[in-house]
Amino acid sequence: MGRKIAIASISAGILLLIAAVVFMNVYNTAMAQKKDGHTEAIQRAEQETELKKAESAETFNGLEQYIVITGSDDSGKPVYVFVPSDKKKKPVLKLVSDGISEKEALEAVRSEQNPQKLISVQLGMERSVPVWEVKYIDDQNRYTYDLVQFTDGEIRKHIAIRK
């Protein structure tokens, strides 16, 4: 009886170890693909816009996928570059000073909605318009996101989904 338990425990341990190795391999592969996509987007932005120095890159998944790069232009001014995954479309460079900040986007949402729990605020692009996507749980316990126009802080889209 004791021997059967030992064999079962060792077998379970080996299976857990194999599962952990497979999970880490899948995770590392996914992260490498993401990094490669960011590197390619930064190179495209440097070649096709006035981006001089990239500081960070984030993936935005809206109606279309964009890599949003934060950096500076040739004159050192802070910029955002929106690089579409569709290579037929050109990257778009916007001066940070030409729009609202992440904090101002959140304030715009708070002035019109009643977010209870903030999930994320991310810069992106929808239908060629730069937007801040603000995701949160609202006062009716719904998963909600608002798209706030980067240029003027107007809420462009409001979607609430029941949990």
Side-chain angles (χ1 to χ4, degrees), residues 23-161 163:
F23 172 78
M24 290 303 296
N25 188 33
V26 169
Y27 177 79
N28 288 334
T29 301
M31 294 312 289
Q33 288 174 345
K34 180 179 178 182
K35 185 177 180 183
D36 289 345
H38 287 181
T39 301
E40 182 182 320
I42 290 168
Q43 290 170 348
R44 248 185 95 194
E46 289 172 342
Q47 292 168 358
E48 299 178 35
T49 70
E50 293 79 40
L51 179 69
K52 184 70 172 178
K53 180 182 176 192
E55 295 169 10
S56 66
E58 295 294 327
T59 303
F60 175 80
N61 292 301
L63 295 174
E64 296 178 59
Q65 186 180 65
Y66 283 82
I67 305 296
V68 182
I69 301 165
T70 302
S72 54
D73 65 10
D74 293 333
S75 61
K77 292 181 182 174
V79 296
Y80 298 122
V81 182
F82 303 84
V83 182
S85 60
D86 182 351
K87 294 189 178 18
K88 295 175 189 169
K89 295 184 177 184
K90 297 268 186 208
V92 176
L93 183 139
K94 294 286 184 183
L95 292 171
V96 171
S97 60
D98 286 346
I100 65 169
S101 67
E102 177 180 333
K103 183 178 177 183
E104 290 169 318
L106 188 53
E107 288 171 6
V109 169
R110 285 187 174 137
S111 72
E112 292 191 28
Q113 306 299 329
N114 192 12
Q116 298 298 300
K117 178 183 176 191
L118 181 64
I119 296 169
S120 67
V121 182
Q122 183 179 15
L123 194 57
M125 180 83 78
E126 180 167 282
R127 300 188 194 279
S128 302
V129 176
V131 294
W132 286 101
E133 180 185 67
V134 181
K135 293 180 188 175
Y136 58 94
I137 304 298
D138 70 7
D139 57 350
Q140 295 176 32
N141 201 33
R142 298 177 299 185
Y143 185 82
T144 306
Y145 76 92
D146 292 343
L147 295 181
V148 181
Q149 290 187 166
F150 171 73
T151 53
D152 61 10
E154 180 182 324
I155 295 179
R156 180 181 174 89
K157 184 186 281 186
H158 171 81
I159 296 177
I161 303 165
K163 286 181 162 184

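Residue numbers run from 1 in the order of the sequence given. Computation of the quantities below employed the complete heavy-atom set of this structure, encompassing side-chain atoms and omitting hydrogens, waters and symmetry-equivalent molecules.
- Listed for the E40 side chain is no donor-acceptor partner under 3.5 Å among the backbone atoms of G37.
- Between P115 and R110, the closest heavy-atom pair is CG-CG, 3.9 Å.
- When side chains are defined from C-beta on, Q149 counts as touching D152, because their heavy atoms get closer than 4.5 Å.
- Q113 places none of its side-chain heavy atoms less than 4.5 Å from the side chain of D138.
- Rounding to the nearest 0.5 Å places OG of S120 at 9.0 Å from CD of E102.
- Look at K52 and E46 and you find no salt bridge, because none of the NZ, NE, NH1 or NH2 atoms lies under 4.0 Å from a carboxylate O.
- Heavy atoms only, all atoms of each residue included: V148 and A108 are closest at CG1-CB, 4.2 Å.
- Between N61 and Y66, the side chains place no donor N or O within less than 3.5 Å of an acceptor N or O (distance only, hydrogens not considered).
- Counting only residues at least two apart or in different chains, side-chain hydrogen bond (donor to acceptor under 3.5 Å, both in side chains) contacts with residues 72-84 comprise D73-S75.
- Heavy atoms only, all atoms of each residue included: A41 and V83 are closest at O-CG2, 3.8 Å.
- Summarising the geometry, atom NE2 belonging to H38 is positioned 8.5 Å from atom CD1 belonging to I69; distances are rounded to the nearest 0.5 Å.
- One N or O on the side chain of Q116 and one on the backbone of N114 form a donor-acceptor pair closer than 3.5 Å.
- Here the side chain of E48 pairs no donor or acceptor atom with the backbone of V92 at under 3.5 angstrom.
- Judged purely by atom type and a 3.5 angstrom limit, R127 has no side-chain atom pairing as donor or acceptor with the backbone of L63.
- Here K135 pairs with E133 in a salt bridge; the nearest charged N to carboxylate O distance falls below 4.0 Å.
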(request) Apply side-chain contact (heavy atoms from CB on, under 4.5 Å) to the pair F82 and L93, showing each step before the final yes or no. (result) CA-CA 6 Å; F82 303 84; L93 183 139; over 6 Å; no
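- Using a 4.5 Å heavy-atom cutoff, the side chains of I67 and F60 are not in contact.
- For the atom pair M125 CE and Q65 CD, the distance stands at 13.5 Å (nearest 0.5 Å).
- Using a 4.0 Å cut-off between charged side-chain N and carboxylate O, D98 and K94 make no salt bridge.
- The heavy-atom pair separating P91 from V81 by the smallest distance is CB-CG1, 4.0 Å.
- Between G71 and L51 the shortest heavy-atom distance is CA-CD1, 4.1 Å.
- The shortest distance between side-chain heavy atoms of H158 and T144 falls below 4.5 Å.
- Distance check: I155 CD1 to S111 OG gives 6.0 Å after rounding to the nearest 0.5 Å.
- With values rounded to the nearest 0.5 angstrom, L147 atom CG is found 12.0 Å from E154 atom CD.
- Residue-environment remark: NZ (K90) stays at or below the threshold of 12 foreign heavy atoms within 6.0 Å.
- Residues Y145 and V134 form no side-chain contact, since every pair of their non-hydrogen atoms from C-beta on lies 4.5 Å or further apart.
- Between F150 and W132, the ring planes lie tilted relative to each other; the angle falls in the 30° to 60° range.
- Summarising the geometry of G124 relative to V68, their closest heavy-atom pair is CA-CG2, 4.1 Å, with the distance given to 0.1 Å.
- Taking OG1 of T151 as the start and CZ of R156 as the end, the distance is 9.0 Å to the nearest 0.5 Å.
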(request) Check the pair E64 / E126 against side-chain contact (heavy atoms from CB on, under 4.5 Å), numbers first and verdict last. (result) CA-CA 7 Å; E64 296 178 59; E126 180 167 282; over 6 Å; no
